[in-house]
Amino acid sequence: MSRVQLALNVSDLAASIDFYSKLFNTKPHKLRPGYANFAIQEPPLKLVLIEQSDADRGTGPQGALNHLGVEVETTTEVQAAAEQLTDVGVKTVEEMGTTCCYAEQDKVWVFDPAGAPWEVYTVTDDNPAELGTDLGLEPKLNDGACCTPASTGTEPGSQAHEVPVAAGSASTCC
């Protein structure tokens, strides 16, 4: 089963967790400092909340969107998506064996014409031991390129898209 992923920037994580728990009648699947994700069965959705200050988040719907994605079950499906996208002329950025969103993942990134980042990904380890599991622990984050690498945008009809990424910041991670 695959499902769509929606990653949102939120300024009040606790209030957002409360709201989305009520909206989708479910509790978060994973909680970490400044981060929560929901594995919603109906509709099939992976909802990710990434806490950012109001200044970093921006305003309105544009400030709310972090990135979009499609979660698939296997690395083979990620590789098939990368091949299919490349075959139709879409520039891809692959990240295999990356640690992001408090999980190990294989993924491929693409950018829509306006620069919105989309990932097709699979989680290969949902809770790597070295990342810590308690809210009180300091997580080990990726190098800042986690979840939204800059695209070169060299496919026909596209422009380069620079996606702001704060080094070492959980706010850029799904």
Side-chain angles (χ1 to χ4, degrees), residues 1-10 20 23-24 26 28-30 32 35-50 52 58 61-128 130-131 140-167 169-174:
M1 172 193 91
S2 61
R3 60 181 162 196
V4 171
Q5 177 194 39
L6 174 60
L8 300 175
N9 298 320
V10 300
Y20 287 107
L23 179 65
F24 292 109
T26 191
H29 166 72
K30 185 184 289 188
R32 300 292 185 270
Y35 175 89
N37 82 39
F38 293 80
I40 300 163
Q41 298 301 311
E42 191 58 42
L45 172 67
K46 173 67 88 54
L47 176 66
V48 177
L49 305 177
I50 302 165
Q52 292 189 348
Q62 297 83 1
L65 180 63
N66 186 284
H67 68 278
L68 304 151
V70 177
E71 182 179 18
V72 296
E73 291 186 21
T74 68
T75 298
T76 302
E77 290 172 280
V78 172
Q79 292 166 331
E83 184 176 317
Q84 184 271 327
L85 290 162
T86 300
D87 287 350
V88 296
V90 176
K91 171 115 176 89
T92 62
V93 179
E94 290 187 34
E95 290 183 332
M96 302 306 223
T98 190
T99 302
C100 177
C101 307
Y102 304 95
E104 291 178 9
Q105 303 176 3
D106 292 334
K107 62 179 74 185
V108 60
W109 288 96
V110 296
F111 297 81
D112 82 1
W118 277 87
E119 65 176 333
V120 177
Y121 72 100
T122 189
V123 174
T124 57
D125 185 346
D126 193 38
N127 197 24
E130 70 273 9
L131 293 178
K140 234 190 340 182
L141 298 176
N142 205 1
D143 63 4
C146 179
C147 294
T148 57
S151 167
T152 58
T154 57
E155 66 272 12
S158 75
Q159 299 177 10
H161 303 294
E162 294 298 322
V163 179
V165 175
S169 168
S171 65
T172 60
C173 192
C174 55

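Everything quoted here is computed from the prediction, not taken from an experiment. Each residue takes its place number in the sequence, starting with 1.
Put simply, the side chain of Asp106 never gets that close to the backbone of Thr122: no donor and acceptor are under 3.5 Å apart.
Between Leu49 atom CG and Leu6 atom CG the span is 8.5 Å, to the nearest 0.5 Å. Taken from CD in Glu119 to CD in Glu95, the straight-line distance is 8.5 Å, to the nearest 0.5 Å. Expressed to the nearest 0.5 Å, how far CG of Asn37 lies from CG of Asp126 amounts to 7.0 Å. One finds the OG1 atom of Thr124 at 7.5 Å from the CD atom of Gln105 (value rounded to the nearest 0.5 Å). Note that CG of Leu65 is 7.5 Å distant from CG of Asn9, once rounded to the nearest 0.5 Å.
Residue Gln84 places its CD atom among more than 12 non-hydrogen atoms of other residues, nucleotides or ligands, all under 6.0 Å distant.
Note: Tyr102 and Tyr35 have tilted aromatic rings, judged against thresholds of 30 and 60 degrees for the angle between ring planes.
Shown here are the side-chain contact (heavy atoms from CB on, under 4.5 Å) partners of Asp125, two or more places apart in sequence or in another chain: Glu104, Pro128. Under the side-chain hydrogen bond (donor to acceptor under 3.5 Å, both in side chains) criterion, Thr76 pairs with no residue, sequence neighbours left out. For Ala80, the side-chain contact (heavy atoms from CB on, under 4.5 Å) criterion is met by no residue, not counting sequence neighbours. Applying the side-chain contact (heavy atoms from CB on, under 4.5 Å) criterion to Glu94, with sequence neighbours excluded, gives Ala82, Met96, Val108. Under the side-chain contact (heavy atoms from CB on, under 4.5 Å) criterion, Thr86 pairs with Thr92, sequence neighbours left out.
Residue pairs that meet the salt bridge (Lys or Arg N to Asp or Glu O under 4.0 Å) test with at least one member in residues 38-47, sequence neighbours left out, are Lys46-Glu71.
Smallest separation of non-hydrogen atoms from Gly69 and Trp118: N-CE3, 3.7 Å. Ala103 and Lys30 get closest at one heavy-atom pair: CB-NZ, 3.8 Å. When all heavy atoms of Cys100 and Lys107 are compared, the closest pair comes out as SG-NZ, 3.6 Å. Among all heavy-atom pairs drawn from His29 and Ala39, the shortest one is CB-N, 3.9 Å. Scanning all heavy atoms of the two residues, the minimum distance from Glu77 to Val72 falls at CB-CG2, 3.7 Å. Minimum heavy-atom separation, Ser2 to Pro44: O-CB, 4.4 Å.
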Residue pair Phe38, Tyr20: steps toward the side chain to side chain contact (heavy atoms under 4.5 Å, CB included) verdict: CA-CA 9 Å; Phe38 293 80; Tyr20 287 107; 4.1 Å; yes
